[in-house]
Amino acid sequence: MVNMKVSLSGWQLDNPIIPASGTFGYGKEFAEFYDINCLGTFSFKGTTLNERFGNPTPRIAECPAGMLNAVGLQNPGVEHVIAHELPEMKKYFSKKLIANVSGFSVEEYVKACALLDREEQVGLLEVNISCPNVHNGGMSFGTEPKAAYEVTKAVKAVCKKPVYIKLSPNVTDIVSIAKACEDAGADGISLINTLMGMRIDLKARRPILANTTGGYSGPGVFPVALRMVYQVYEAVKVPIIGMGGISRAEDVIEMMLAGASAVEVGAANLADPMICKKIIDTLPAVMEKYGIDNLSEITGGAHHG
Amino acid sequence: MEDKIFKIKENSQAARDVYHLRLEGDSSEINCPGQFASIKLDGLFLRRPFSICSWDESGLDIYYKAVGEGTAKLSTLPVGTELSVLTGLGKGYDTAPSGDNPLLIGGGMGATPLYCLCRKLIAEGKRPTVLLGFASDKDIFLSDEFKTLGADVIICTDDGSCGHKGFVTDVMAGLDYSYFYTCGPEGMFRAIDRIAKTEGQFSFEARMGCGFGACMGCTCKTHKGNKRICKDGPVLERSEIIW
């Protein structure tokens with residue numbers, strides 16, 4: 001009998017499989033397909049201080065080995081999430097959750113995180129710093145170490161629960177951003193968010209996405225994500241949640257060998273709503289195949305010397 | 001819900017670029033006309049959503065037009081091919097408000113979901129009129145099947161090669177009906193909305209991510225709040241649509 005248990009900042013998970021924010025809604029649609037209590041946990045739809053409609057449609061475009069999305073953080077706002085979505089989630093998910101938070105100023109992050117931090121259903125906060133900062137010419141918090149440090153520091157000051165910072169891969173040096181977050185007190189790092197891309201409709205000769213650009217995710221980004229997790233693991237001591245293109249049990253093991261303590265599964269949920277259950281069901285056999293008894297022990301196993 | 005394996009029983013040309021796909025498998029999750037099925041195709045990441053034309057205890061029927069990468073690929077698949085399909089997706093047409101003589105208006109491929117709607121309305125003792133618009137006689141499909149159900153069928157073609165020359169709305173303006181149901185291109189929807197004399201229901205198309213309500217890829221604003229075309233639609237009521 002293999003052991004799939006892992007832990008994130010003292011929080012024990014039955015297994016490392018976590019559906020990624022934005023690909024799993026509040027879990028309700030997936031609960032129609034399977035009992036989602038088999039998951040390690042899940043990171044629910046990104047929450048902002050205020051309600052957001054998001055971008056105009058089309059918001060989705062397909063590409064080789066994946067897809068682009070430009071949903072634009074559609075969500076009902078933190079107060080509605082706390083009043084309605086958290087109680088609703090309790091009906092079909094009994095474990096603690098990851099609250100993914102976005103903001104367009106440090107103040108917005110702080111307010112939204114402080115409110116979610118008080119909720120007993122929230123196990124940890126995952127702060128998405130890929131959003132543009134309205135007070136800094138729209139420059140993303142996640143593209144500059146100083147801005148990443150500031151938002152991390154400010155959020156940490158108001159939260160008792162572990163704070164993980166979710167990094168954007170659209171940077172020259174992701175390691176320096178990860179280090180800045182760790183220096184500011186981050187309890188862990190999530191990576192990677194989507195890679196910015198675009199598609200053009202040949203007939204219309206116009207971008208397919210109404211937003212012109214969107215985030216690329218799916219199996220095509222896996223090697224990029226793996227490389228970044230590997231590099232960040234060498235530079236920081238805090239735990240890493242690895243994500244980007246994971247769609248089978250072998251990918252989970254590979255990502256953990258690169259340095260992840262747990263993984264998130266994103267775009268694969270949209271193509272196959274049962275994928276996380278399938279990964280969890282097949283993981284023990286794949287662990288046995290590669291001689292792994294305790295999954296948590298393989299984190300960073302590909303690093304030597 | 002679960003993804004189920006269906007086997008292709010028929011995949012044959014029904015009109016210009018239009019194919020009839022008969023899939024055999026467990027169709028028990030389909031419960032309403034206007035719902036759709038989404039099919040996983042090898043080599044393509046996202047599933048492809050298709051309106052369900054009809055269903056019975058042994059499978060379902062779809063009509064599709066080979067216009068893009070996915071549908072072109074689908075059209076080459078031989079009988080016997082097994083496909084992973086999610087069925088019974090979305091909220092379909094509600095027949096409760098139809099009245100005795102509802103009008104069903106299909107534009108091009110939009111004829112597809114109206115077939116099982118028509119069958120249901122007739123089974124409920126109503127007398128639907130089916131108004132179908134196509135570009136030309138080469139594009140016409142399903143019209144005989146609607147007649148076999150016992151519906152009055154009126155055909156319009158853009159070039160006049162069959163039936164009335166012109167748009168469905170030219171004919172619709174002169175008809176009496178108790179309610180309407182439609183599926184087709186949005187340009188036709190806007191024209192219908194301008195001249196319709198009753199309430200009605202529209203079935204929308206969208207570029208979808210998941211097709212089951214999780215990704216928010218197809219959200220639209222309505223008078224009754226944000227709606228996901230794939231989950232809260234694809235059928236919306238006239239009174240809630242913001243044009």
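We name chains A, B, ... by the order of the sequence lines, and we start the count at 1 in each one. Keep in mind that this is a model prediction, so the values were computed, not measured.
- For A/Thr23, the part lying under 4.5 angstrom from a heavy atom of chain B is the backbone only.
- Heavy atoms closer than 4.5 Å to chain B are found in the side chain of A/Phe30, but not in its backbone.
- Contact annotation for A/Lys28: neither backbone nor side-chain heavy atoms come within less than 4.5 Å of a heavy atom of chain B.
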Would you check, one step at a time, whether the test side-chain contact (heavy atoms from CB on, under 4.5 Å) holds for B/Lys138 with B/Cys162? CA-CA 9 Å; B/Lys138 294 185 181 62; B/Cys162 183; over 6 Å; no
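- In this structure, CG on A/Asn193 lies 15.0 Å from OH on A/Tyr216, to the nearest 0.5 angstrom.
- With sequence neighbours excluded, the residues forming a salt bridge (charged side-chain N to carboxylate O under 4.0 Å, His left out) with A/Lys95 are A/Asp14, listed by chain and number.
- Of the residues considered (A/Pro273, A/Pro58, A/Gly54, A/Pro56), A/Pro273 shows the highest number of contacts with chain B, using heavy-atom pairs under 4.5 Å.
- Salt-bridge annotation for A/Glu85 and A/Lys45: absent, with no side-chain N of the basic residue lying under 4.0 Å from a carboxylate O of the acidic one.
- The main-chain N or O of A/Phe104 is found under 3.5 Å from a side-chain atom of A/Glu108 such that the two form a donor-acceptor pair.
- Evaluation of the side chain to side chain contact (heavy atoms under 4.5 Å, CB included) rule for B/Asp42 yields no partner, not counting sequence neighbours.
- Contacts with chain A (heavy atom to heavy atom, under 4.5 Å) involve these residues of residues 224-243 of chain B, listed by number: B/Asn226, B/Arg228, B/Lys231.
- Counting heavy atoms from C-beta on, the side chains of A/Gln121 and A/Phe93 never come closer than 4.5 Å.
- Heavy-atom distances place the side chain of A/Met274, and not its backbone, under 4.5 Å from chain B.
- The choice from B/Arg207, B/Met208, B/Lys40 that makes the most heavy-atom pairs within less than 4.5 Å of chain A is B/Arg207.
- Between B/Lys65 and B/Asp17, no side-chain nitrogen of the basic residue sits less than 4.0 Å from a carboxylate oxygen of the acidic one, so the salt-bridge criterion is not met.
- At a 4.5 Å heavy-atom cutoff, the contact between A/Ala267 and chain B is made by backbone and side-chain atoms alike.
- B/Glu29 CD: more than 12 foreign heavy atoms inside a 6.0 Å radius.
- Among the residues in residues 75-90 of chain B, those with a non-hydrogen atom closer than 4.5 angstrom to a non-hydrogen atom of chain A are B/Leu86.
- By the 4.0 Å N-to-carboxylate-O rule, A/Arg205 lies too far from A/Asp201 to be salt-bridged with it.
- Across B/Arg47, B/Glu69, B/Met216, the residue that shares the most heavy-atom pairs under 4.5 angstrom with chain A is B/Met216.
- Highest contact tally toward chain B, considering only A/Thr57, A/Val71, A/Asn269, is held by A/Val71 [criterion: heavy-atom pairs under 4.5 Å].
- Taking the six-membered ring for Trp, B/Phe189 and B/Phe204 have ring centres closer than 6.0 Å.
- The minimum heavy-atom distance between B/Gly108 and B/Phe134, with the atom names listed, is O-CE2, 3.8 Å.
- Under the 4.0 Å criterion applied to side-chain N and carboxylate O atoms, A/Lys278 and A/Asp281 are not assigned as salt-bridge partners.
- Taking a 6.0 Å sphere around OH of A/Tyr92, one finds it holds more than 12 heavy atoms contributed by other residues, nucleotides or ligands.
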